[in-house]
Protein chains: 2
Amino acid sequence: MALITHKKNLFYAQLTRHLFFHNHLSSTELSELTGKSIPVTTQGLNELIKKGKVFESGFAESTGGRKPLLYSLTEGSLLIVSVAMDQLITKIALINEKNEIVGEIEKHNLKLADNPSSIAELIKILKNFVSRINKPDKVVGIGIGMPGFVDSLKGVNYSFLQTENGTLVEALENELHLPVFIENDSSLIALAELRWGAAYGRKNVMVINIGWGVGLGIISKGELFKGHDGFAGEFSHISLFDNQKLCSCGKYGCLETETSLVVIAQKAIKKMTEGELTVLKNLSENRIEEGARKILKAAKEGDKFSIEVISESAYHIGRGISILIHLLNPELVIISGIGSLAGKVWIAPVQIAINEHCIPKMAEHTEIKISKLGEEAALIGAAALVMEHFEEININLKKIEKVLIN
Amino acid sequence: MALITHKKNLFYAQLTRHLFFHNHLSSTELSELTGKSIPVTTQGLNELIKKGKVFESGFAESTGGRKPLLYSLTEGSLLIVSVAMDQLITKIALINEKNEIVGEIEKHNLKLADNPSSIAELIKILKNFVSRINKPDKVVGIGIGMPGFVDSLKGVNYSFLQTENGTLVEALENELHLPVFIENDSSLIALAELRWGAAYGRKNVMVINIGWGVGLGIISKGELFKGHDGFAGEFSHISLFDNQKLCSCGKYGCLETETSLVVIAQKAIKKMTEGELTVLKNLSENRIEEGARKILKAAKEGDKFSIEVISESAYHIGRGISILIHLLNPELVIISGIGSLAGKVWIAPVQIAINEHCIPKMAEHTEIKISKLGEEAALIGAAALVMEHFEEININLKKIEKVLIN
DNA sequence: CAAACTTTTTAAATTTTTTAAAAAGACTTT
DNA sequence: AAAGTCTTTTTAAAAAATTTAAAAAGTTTG
């Protein structure tokens, strides 16, 4: 009897997950997505309606026959704590069942590198955030995106936030009493694009995360691809250049030595001191992040100087993308991450590099697009991460004190 | 009634496919592989025994309980025509239900490039081969591996064997009256490694096909990965070098300009004319293939000169493999293709390149192995290609005149 | 404007899976 | 060394899911 309920709960969780990612679905669509028959699906939906988790949200347009009845998640039925970390700043947001950010995005200073108390600080910030949530019983989990070599299955980050005993996820779950999921930041941006962005419904996509480094999230067969240890998509440090520039990783010629927002800002400063004309003002080596954002904004608004600086980097990234196209033959490459705030200026130089370095047949059906998710991609991806594991949350009842669906 | 039989046939085909790839399996193992329950699986097996397609082939060793009864395909129940093409030579073999080559491997001269009658020649060779098979009614299909940009789903090769109307597969099936499947040669070698070689049971493997170019077959999530158009794994022409050597593809600095059996043979000839010592004799620019084979054999037998020439190329391939490791984080890289005949001499220089160009953490769990399949890999892969599609063969009864299982 | 065509929804029949029990073999303990 | 315990496979009965067919609800076309 316990097992039957358990199995049913798993199916309910599956329905809930699909409704989260699609907002509203008909019973036929849900039947196809879950692989269950229509009678079983309808029965499951009726149970969820009885529990108040789901409601009938209207009719879809007919495609030539009877209008299908649509189902959606009940308002306020589900909350997710989304966390997006970079080397210096940690952002936190509360996300609801419609994938909307509820309230304000909080920003905290939290240094990841060489910081023995980073885990303690993170726990403190999260405990405080969770304590202020109005309906804490609706929170299904915490999703965290972070830089570094993250093994999300094991729940470990090999670059930062290292624990003495047990995994990082265990350390967080023990303190926060909520299911916690971690993932590499670029992978989460790719997940955000897959579920809510330009990669929606696509099978084979490369998502380039242009930030302080250059990240890559790989969508293969319609799913995030992570490789054997969970580290797939290391793009910053493939050796592409013969430039003798020492990289932070200790090698020479990495992609990162020629392209990243840091490189772009540094180049701009150098050119400005050489007297080139631009609308940019007050760029400083000490405030590289601020400078980079100014350049992205100026490029978006048409500043020739900024566009040229970005174009140089874009061409180099294009060389890297050419390799991706040869190896993985994607249907789509998305320029995402903070760099995407500059808009379409990235596309032309990337396309030129592809034309020069790809066999035409290989690149024939590969589109290049700029992300429309903006800076919130990482937070949205962290929420998606939690919902990807929604069935798992409902199996591992150990993980949480309450049964989510009962 | 017809539909029921149809669906049953599909299940029988699935059982047959799994038995082909595993030689002998217990009902429990087959139940897990097919995703059907044990009662249904046992019932299906008993039907196949009744039809004479399957027999009880003994008991497996116990793992702590009752010995499981094993099932195997009946001897002589199934034949596959395997074809392995390169730019100049086409090999054909007949393969049985145990994945054994029956009779002789036939070799035919068939030029692929700039040959308008290539398809006609191929059809003639295949018709002749099929006409000489003792039990033609047991042949389930023809699998063909060939160089070029092959879209195996559409049944088209965009580089060679181009048809005027209809696809290549249609052209062949219309003449040969058997189901035909085509695939890129490197992909087929990867498939052979996955089903019968060093990649058996692995999920995430890169198979390097060292031949007249350098090919790549990608195993991802335990399956052959082909990308959006079917062209994934183009490894020869990623631009890696700053060498100003013009490649056959029209670009500069491709991997192929520094490594392939052709480059190795040419380098050896150049060094020999410069007076370096070796056991090698009579190498000629006009017989590059023969020369390359001599070098591989000599290297295997310890000739210092040959090992050095190969090592240089191996290091360059290692640079390419470093990029694969960064991007796809494989658990295993297999050196396969004709080049693997030289044996383990490839490993050390590849490993050195990985040490120099990979972030240690990325390559930590990546093994490098030499293929043990030898030259027959391509033929074995072509047979595997047919059997991968065995259910499909049994659905598309249009494709063949007879019902395979009845 | 009614007939023909689509598609969703509901209901009954069949099939499949699940569950439990029995059978067969291997390991452990006295 | 033998009996009992533990695994695992196999068989048989109960439960659940899918398949199939029919009905209901809309659209489109002649």
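So that the names make sense, note that chain A is the first sequence line, chain B the second, and so on, each numbered from 1. Side chains are part of it too, since the values below use all heavy atoms of this structure and drop only hydrogens, waters and symmetry mates.
Within the 3.5 Å criterion, the main-chain N or O of B/Pro330 finds a donor-acceptor partner in the side chain of B/Thr366.
Of the candidate nucleotides D/dT19, C/dT9, D/dT10, D/dT19 has the atom lying nearest to any side-chain atom of A/Ser37. Taking the side chain of B/Pro39 as heavy atoms from C-beta on, and the options C/dT17, C/dT10, D/dT10, the nearest nucleotide is C/dT17. Distances were taken from every side-chain heavy atom of A/Leu69 (C-beta onward) to each of D/dT18, C/dT9, D/dT11; the shortest belongs to C/dT9.
For A/Asn204, the side-chain hydrogen bond (donor to acceptor under 3.5 Å, both in side chains) criterion is met by no residue, not counting sequence neighbours. Partners of B/Asp229 according to the side chain to side chain contact (heavy atoms under 4.5 Å, CB included) rule, which considers only residues two or more places apart in sequence or in another chain, are A/Asn329, A/His365, B/Phe231. Take A/Asp151 and apply the side-chain hydrogen bond (donor to acceptor under 3.5 Å, both in side chains) test, not counting sequence neighbours, and it matches no residue. In terms of the side-chain hydrogen bond (donor to acceptor under 3.5 Å, both in side chains) criterion, A/Gln43 has no residue partners (sequence neighbours excluded). Scanning for side-chain hydrogen bond (donor to acceptor under 3.5 Å, both in side chains) contacts around A/Glu97 gives an empty result, with sequence neighbours left out.
Applying the salt bridge (charged side-chain N to carboxylate O under 4.0 Å, His left out) definition to pairs two or more places apart or across chains, those involving residues 191-204 of chain A are A/Arg195-A/Glu388, A/Arg202-A/Glu331, A/Arg202-A/Glu367. Under the salt bridge (charged side-chain N to carboxylate O under 4.0 Å, His left out) criterion, no residue pair touches residues 20-44 of chain A, with sequence neighbours excluded.
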Report, one pair per line, the protein and nucleotides 2-4 of chain D atoms (nitrogen or oxygen only) whose separation is under 3.5 Å.
none

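In this structure, the NZ atom of B/Lys36 is 20 Å from the P atom of D/dA16, given to the nearest Å.
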Is there a side chain to side chain contact (heavy atoms under 4.5 Å, CB included) between A/Leu78 and A/Asn96? Walk through the geometry before answering. CA-CA 6 Å; A/Leu78 186 156; A/Asn96 70 10; over 6 Å; no
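Note on the helix from C/dC1-D/dG30 to C/dT30-D/dA1: terminal axis deviation equals 20°, with five pairs used at each end and the result rounded to 10°.
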Side-chain donor-acceptor pairs of residues 69-76 of chain A under 3.5 Å, sequence neighbours excluded:
{"from": "A/Ser72", "atom 1": "OG", "to": "A/Asn23", "atom 2": "O", "distance (Å)": "3.0"}
{"from": "A/Ser72", "atom 1": "OG", "to": "A/Ser57", "atom 2": "OG", "distance (Å)": "2.7"}
{"from": "A/Thr74", "atom 1": "OG1", "to": "A/Gly52", "atom 2": "O", "distance (Å)": "2.8"}
{"from": "A/Thr74", "atom 1": "OG1", "to": "A/Lys53", "atom 2": "O", "distance (Å)": "3.0"}
{"from": "A/Thr74", "atom 1": "OG1", "to": "A/Val54", "atom 2": "N", "distance (Å)": "3.0"}

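Contact between the side-chain N/O atoms of B/Ser27 and the OP1/OP2 oxygens of D/dT10 is found at a separation under 4.0 Å.
In this structure, A/Met387 and A/Val140 have side chains that are in contact, with non-hydrogen atoms separated by less than 4.5 Å.
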Whether each nucleotide of nucleotides 23-29 of chain D has a protein heavy atom under 4.0 Å at its base (B), only at its sugar-phosphate (S) or at neither (-) is summarised, 5' to 3', as -BBBS--
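Counting non-hydrogen atoms under 4.0 angstrom, A/Gly35 reaches the backbone sugars and phosphates but no base.
Within residues 19-26 of chain B, no residue places a heavy atom under 4.0 Å from DNA chain D.
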